[in-house]
Amino acid sequence: MATEYILRMGDGKRVSMTKEQIKEDTLAGAGNAVDYGLVPELSADEIDKLIEICTMPGKSVSVEYGMEIPVSHDIGTIRLDGDQGNSGVGIPSSRLVGMMMHERAFGADTMELGHIDYSFKPVKPIVSNECQMMEVAQQNMIVPLFYGAMPNMGLYYTPDGPFENPGDLLKAFKLEEAFASMEHSAEHLTRDIVWIMQKLMASGADGVNLDTTGAAGDADAYGTLTAVKALREEFPEMYIEVGSAGESWIGMHGMLEFEGTVLAGLWPHQQVKLVEKAGASIFGPAVNTNTSRTFPWNLARSVAFTKECCKASTIPIHADMGMGVGGIPMLETPPIDAVTRASKAIVEIAGADGI
Amino acid sequence: MPIAHIMASGMTGLRAGGDLVARMQLSKSMKIKEAKEYVAKKVGVDVFDLADEYAMRDVREDLGIGVITSVPGAPKGIAAKMNIEKVLDTKINCCDYFRNQIKQ
């Protein structure tokens with residue numbers, strides 16, 4: 001009887017697989033990235049290394065000595081004091097306590113301050129509160145401290161925002177109106193990100209972490225990249241981290257361009273070239289997890305995409321490795337066995353500069 | 001989950017030298033190899049030592065760039081960052097901000 005190894009499905013459920021099954025899924029997952037993203041195939045050695053990581057004894061694994069990388073953090077203290085919607089654990093603690101706990105107790109390499117909604121738009125009315133918190137936090141913190149938020153352009157559409165929902169307009173075949181709504185929303189998104197970060201930079205912020213860029217499609221990415229460009233021009237030494245929402249920016253608009261490149265349908269190794277042009281310091285590619293596939297399938301696919309992104313990039317890559325991205329199961333409490341295996345693979349095989 | 005990443009691949013922040021390497025990646029867009037070599041040279045250790053808590057503990061305390069435990073009298077917060085600016089030869093926005101608030 002063949003030896004079986006305990007692994008996971010993309011939703012986190014435990015499964016047993018033989019080495020042959022692991023190899024089959026590893027090849028298929030990497031092949032999927034090649035088919036969709038037109039990235040190079042992983043070499044035979046890299047496939048063997050992935051199988052080795054998946055079959056290592058022990059519940060958790062780690063990188064080899066000397067291969068350690070910085071781990072930058074998104075969502076800030078909401079992880080501690082937030083509710084389930086943000087995967088928070090509901091500990092009633094102040095944001096300063098949360099930041100200092102990450103720095104002094106958890107060994108975080110960077111940290112960030114963020115609004116409980118973790119989106120830029122709701123920060124506008126309370127920006128002075130965020131500025132005073134940033135000032136206090138910077139007096140007490142040592143690790144790099146961002147202001148973090150999601151561009152989250154969906155908040156600019158009705159019923160939450162001023163512009164008609166392009167989803168409704170597209171369903172009614174009002175194409176021109178839908179395009180105009182997305183373009184106006186992107187303009188407002190850019191304006192808000194820049195205005196908020198001007199205030200926070202004047203209060204001592206190290207920089208900004210733009211989390212889940214492109215979540216509302218190509219116009220969301222357009223608005224964010226335009227904001228990054230404006231911020232870089234105004235603050236040449238600002239720390240700017242841009243994390244993507246997904247492996248491909250969805251063409252809700254379809255015709256928007258940044259610096260002469262159409263944004264719709266770009267894969268991580270193409271996204272990073274525009275993020276570089278905009279002036280970001282670090283890029284975080286996201287490769288989405290398929291919950292119906294196994295961990296080896298998802299991990300191989302993520303490694304193939306991320307490796308090409310690292311190769312194409314001139315700026316450091318901090319791969320997005322949260323719940324449901326980077327090969328990690330789509331689960332609020334991703335199993336440690338899967339997290340550590342994905343962590344090791346993305347550093348040692350894909351060559352990420354950080355997570 | 002972030003702690004699982006720190007344990008599996010991380011440089012453990014103030015416990016060793018992770019915050020310093022991250023700062024150079026962010027301020028100068030250095031890739032991991034360049035950032036590690038830069039920081040190691042500036043703090044006077046081997047690249048291999050940067051993620052070693054034993055090696056970095058005394059280095060951090062001697063340079064006044066912050067340690068993980070609360071040592072009475074040791075530079076903390078903004079004071080430690082002002083020392084990091086000098087050691088890494090890099091500008092930190094909040095240090096400028098607070099310096100500008102001091103009346104001459």
Side-chain angles (χ1 to χ4, degrees), chain A residues 60-63 65-73 79 102-104 106-110 134-135 138-145 201-207 235 237-241 280-282 314-316 318 321-323 328 333-334 336 339-341 343-344 346-347 352-355, chain B residues 1-36 46-48 50-53 60 65-70 75-81 83-84 90-98 100-101:
Chain A
S60 60
V61 303
S62 71
V63 297
Y65 277 110
M67 296 200 76
E68 302 91 346
I69 43 81
V71 178
S72 52
H73 282 248
R79 187 176 292 121
H102 275 81
E103 176 181 284
R104 311 281 166 88
F106 303 160
D109 294 314
T110 75
M134 179 60 76
E135 291 172 357
Q138 289 288 11
Q139 287 182 18
N140 288 279
M141 296 287 289
I142 298 171
V143 302
L145 184 65
M201 288 302 286
S203 293
D206 281 322
F235 304 106
E237 296 183 81
M238 179 182 187
Y239 304 172
I240 304 177
E241 182 159 343
S281 318
I282 287 181
T314 59
I315 60 174
H318 280 208
M321 299 288 283
M323 298 81 95
I328 289 177
T333 49
I336 302 300
V339 175
T340 58
R341 280 170 170 74
S343 202
K344 181 177 173 69
I346 221 76
V347 173
D353 302 281
I355 287 175
Chain B
M1 186 197 59
I3 296 174
H5 280 304
I6 292 169
M7 295 300 105
S9 321
M11 298 189 71
T12 70
L14 292 187
R15 288 169 61 89
D19 61 313
L20 307 174
V21 175
R23 205 172 272 287
M24 296 321 297
Q25 288 191 326
L26 287 159
S27 61
K28 305 290 181 197
S29 281
M30 291 178 178
K31 297 277 236 177
I32 185 69
K33 184 172 182 289
E34 185 188 3
K36 280 184 172 181
D46 188 84
V47 167
F48 208 74
L50 287 172
D52 183 334
E53 291 90 340
R60 293 198 75 115
I65 56 176
V67 288
I68 192 83
T69 49
S70 185
K76 299 175 184 67
I78 190 77
K81 278 187 285 196
N83 289 331
I84 290 173
T90 188
K91 183 184 161 192
I92 298 178
N93 187 42
C94 64
C95 295
D96 262 0
Y97 174 73
F98 287 110
N100 291 338
Q101 287 188 324

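Chain letters run A, B, ... following the sequence lines, proteins first and then strands; every chain starts at 1.
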### Message
I'd like to know if B:Lys81 pairs up with A:Asp206 as an ion pair, taking the criterion as any Lys NZ or Arg NE/NH1/NH2 lying under 4.0 Å from an Asp or Glu carboxylate oxygen.
### Response
no

### Query
Where does A:Met67 contact chain B at under 4.5 Å (heavy atoms): side chain, backbone, both or neither?
backbone

### Query
In terms of heavy-atom proximity below 4.5 Å to chain B, should A:Gln139 be classed as side chain, backbone, both, or neither?
both

## Note on the structure
Note: vs chain A, highest number of non-hydrogen pairs under 4.5 angstrom among B:Met30, B:Arg15, B:Met1 is B:Met1

### Query
Can you say whether A:Leu145 sits under 4.5 Å from chain B via the side chain, the backbone, both, or neither, judging by heavy atoms?
neither

#### Entry: Portion of A:Met201 that has a non-hydrogen atom of chain B nearer than 4.5 angstrom
both

### Message
Please check: side-chain N/O of B:Lys31 versus main-chain N/O of A:Pro316, any donor-acceptor pairing under 3.5 Å?
### Response
no

### Task
Tell me, for B:Ile84 versus chain A, whether the close heavy atoms (under 4.5 Å) come from the side chain, the backbone, both or neither.
side chain

### Heavy-atom contact with chain B under 4.5 Å, split by part of A:Thr110
side chain

### Query
Among B:Lys76, B:Met7, B:Arg23, B:Lys36, which residue forms the greatest number of heavy-atom pairs with chain A at distances under 4.5 Å?
B:Arg23

### Under 4.5 Å from a heavy atom of chain B, the part of A:Thr333 involved
neither

### Task
Taking the side chain as every heavy atom from C-beta outward, state whether B:Glu34 and B:Lys28 have any atom pair closer than 4.5 Å.
no

### Query
Is it the side chain or the backbone of B:Ala22 that comes within 4.5 Å of chain A heavy atoms, both, or neither?
both

### Task
Check each atom of A:Ile355 against the heavy atoms of chain B and say whether the ones under 4.5 Å are side chain, backbone, both or neither.
side chain

### Query
For B:Thr90 and A:Glu237, what are the C-alpha separation, side-chain angles and deciding distance, and is it a side-chain contact (heavy atoms from CB on, under 4.5 Å)?
CA-CA 10 Å; B:Thr90 188; A:Glu237 296 183 81; 5.8 Å; no

### Query
Do you know which of A:Gln138, A:Met134, A:Met238 has the most heavy-atom pairs with chain B at a distance under 4.5 angstrom?
A:Gln138

### Heavy-atom contact with chain B under 4.5 Å, split by part of A:Ile69
both

### Task
Output yes when a side-chain donor or acceptor of A:Glu68 lies under 3.5 Å from a complementary backbone atom of B:Ala51, and no otherwise.
no

### Task
Return yes when atom CZ of A:Arg79 has more than 12 non-hydrogen atoms of other residues, nucleotides or ligands closer than 6.0 Å, and no otherwise.
yes

### Side chain, backbone, both or neither of A:Val347 within contact of chain B (heavy atoms, under 4.5 Å)
side chain

### Task
State, with a plain yes or no, whether a side-chain heavy atom of B:Ile65 is found less than 4.5 Å away from one of B:Pro75.
no

### Query
Where on A:Glu135 is there a heavy atom nearer than 4.5 Å to chain B: the side chain, the backbone, both, or neither?
both

### Query
If only atom types and distance count, is the side chain of A:Glu103 paired as donor or acceptor with the main-chain N or O of A:Val143 below 3.5 Å?
yes

### Query
Between B:Cys94, B:Ser9, B:Gly77, which residue shows the highest count of heavy-atom pairs closer than 4.5 Å to chain A?
B:Ser9

## Note on the structure
Honestly, the part of B:Ile3 sitting under 4.5 Å from a heavy atom of chain A is side chain

### chain B interface, residue from A:Ala280, A:Ala352, A:Ala202 that has the most non-hydrogen pairs under 4.5 Å
A:Ala202

### Query
Is there a donor-acceptor contact under 3.5 Å from the side chain of B:Gln25 to the main chain of A:Asp353?
yes

### Message
Please identify, among A:Ser60, A:Gly66, A:Ser72, the residue contributing the most non-hydrogen atom pairs under 4.5 Å to chain B.
### Response
A:Gly66

### Message
In terms of relative ring orientation, are A:His102 and A:His73 parallel, tilted or perpendicular, with 30° and 60° separating the classes?
### Response
perpendicular

### Message
Is A:Val71 in contact with chain B via its backbone, its side chain, both, or neither, using a 4.5 Å heavy-atom distance?
### Response
side chain

### Task
Examine whether an atom of A:Pro144 lies under 4.5 Å from a heavy atom of chain B, and if so say whether it belongs to the side chain, the backbone or both; otherwise answer neither.
both

### Task
Measure from the side-chain N and O atoms of B:His5 to the backbone N and O of A:Met321, and report whether any donor-acceptor pair falls under 3.5 Å.
yes

### Query
Are the side chain of A:Asp109 and the backbone N or O of B:Gly13 linked by a donor-acceptor pair below 3.5 Å?
yes

### Query
If only atom types and distance count, is the side chain of B:Ser29 paired as donor or acceptor with the main-chain N or O of A:Ser281 below 3.5 Å?
yes

